[in-house]
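Input: a single structure, listed below in structure tokens.
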Amino acid sequence: MATHTTRMLIIGSGPAGLSAAIYGARAGMQPIVVQGLQPGGQLTITTDVENYPGFRDVIQGPWLMQEMQAQAEHVGTRMLWDTITSVDLSGPPFRAVGDSGDIYEGETLVIATGAQAKWLGVPGEQELSGKGVSACATCDGFFYRGKKVVVIGGGNTAVEEALYLTNHSQDVTLIHRRDSLRAEKILQDRLLAHPNIKVLWNKAVDHFVGDASGLTGVALTDTVTGASSVEPTQGAFVAIGHAPATELFKDKLEMDASGYLLVEPGTPKTAIPGVFACGDVMDHVYRQAVTAAGTGCMAALDAERFLAEREFAATKG
């Protein structure tokens, strides 16, 4: 068991955590990034990335994260493999304990633990992921332009994704297991008035159907009659929400009803001075790699200011 100390401890290694590391390292803070269960974050399970600025051609998600990690290490970041099991936010220094038994102490703490899309857990879903089944219309909708697509869900996320997909497809179907939507009324009105969107009510997804070419349809069960049917489609977007990875911070940091960390508006600052949250763990609206990277940069700049002000106060003291 070892104790690792740093001026900036970062939990999470997606675009937010690694961007914080790059800025923190360049400011001489010698950050430590604890990588967690999914090093590289959600982008490591995203194949084609077409919307990250700076790349003319389609790039691969895992490659982008390898490059970000290499850049962070090149400027002085230490990458450590561990899963944090508990945190003590009564510092500074802020303390985290890893599954390995190692202790990590940071004069500042950057939380970049991200979020995971919720999946249906039905047959064919994981097998056809990236081959027609997706959990992000803004990430992948472009690849289905001119094709028939379906969105599964009934809340704001599902309705927003269905409306977004009309930019690419003339044939969008929303599949919902109930007979009314949970989404805000203004979104419902826009959806129901849209000529290119139809709604299949009272339909639960039984499994995804595919062949060597990828997804070909969605097998449905009517929740009222029990009748089975197959809706042919080339793209299916599961939009039943996201789950932020905030279990560690229950009763320690403020969260909204869905478990996202609350920050001072327009900043990554939590209610505890010196503790910052960035990326999808605090952003349930945009959820893009580029916005996560942007908030990671903000967290590092704010962490640097926090330390500078503290050190200045100590010299005056």
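Below, all heavy atoms of this structure are taken into account, side chains as well, without hydrogens, waters or symmetry copies.
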Applying salt bridge (charged side-chain N to carboxylate O under 4.0 Å, His left out) to R305 and not counting sequence neighbours gives D302
For the pair D99 and T85, evaluate side-chain contact (heavy atoms from CB on, under 4.5 Å) and give the outcome as yes or no after the intermediate values.
CA-CA 6 Å; D99 193 44; T85 54; 4.0 Å; yes
Partner set under salt bridge (charged side-chain N to carboxylate O under 4.0 Å, His left out) for K147, not counting sequence neighbours
none
Nearest heavy atoms of A16 and G279, plus distance in Å
CB-CA, 3.7 Å
Spacing of CE belonging to M282 relative to OG1 belonging to T246, to within rounding of 0.5 Å:
13.0 Å
Kindly give the heavy-atom pair with the smallest separation between H242 and Y260, and that separation in Å.
CB-OH, 3.2 Å
Could you label the plane-to-plane angle of the Y104 and H4 rings as parallel, tilted or perpendicular, counting under 30° as parallel and over 60° as perpendicular?
parallel
Can you tell which of V150, L165, V151 makes a side chain to side chain contact (heavy atoms under 4.5 Å, CB included) with L174?
V151
Please give me the minimum heavy-atom distance between T138 and Y164, naming the atom from each residue.
CA-CE2, 3.6 Å
What's the spacing between Q30 CD and T5 OG1 if we round to 0.5 Å?
9.0 Å
Looking at V33 and T77, what are the two nearest heavy atoms and their distance?
CG2-CG2, 3.7 Å
State yes or no: do I32 and I103 share one hydrophobic cluster built from I, L, V, M, F, W and Y residues joined by side-chain heavy-atom distances below 4.5 Å, directly or via other members?
no
Hey, does the side chain of T315 reach the backbone of F312 with a donor-acceptor pair shorter than 3.5 angstrom?
yes
In short, V159 meets L191 closest at the heavy-atom pair CG1-CB, 3.9 Å
One should read off an interatomic distance between T108 OG1 and E304 CD, to the nearest 0.5 angstrom, of 10.0 Å
Can you tell me how far CD of E50 sits from CZ of F142, rounded to the nearest 0.5 angstrom?
5.0 Å
Quick one: do R7 and E311 make a salt bridge, cutoff under 4.0 Å?
yes
Over all heavy atoms of both residues, which pair between T44 and P39 is shortest? Give the atoms and the distance, please.
CG2-O, 3.2 Å
Tested for side chain to side chain contact (heavy atoms under 4.5 Å, CB included) against I11, the lone hit among L109, V110, T83 is L109
Is the ring centre of F237 less than 6.0 Å from the ring centre of Y144?
yes
Are M29 and M79 linked, directly or through other ILVMFWY residues, by side chains that come within less than 4.5 angstrom of each other?
yes
Does T267 reach the main-chain N or O of E264 with its side chain, forming a donor-acceptor pair under 3.5 Å?
yes
Is it true that the side chains of E184 and N156 contain a donor and an acceptor less than 3.5 Å apart?
yes
Nearest 0.5 Å, please: how far is CD in Q234 from CG in L215?
8.5 Å
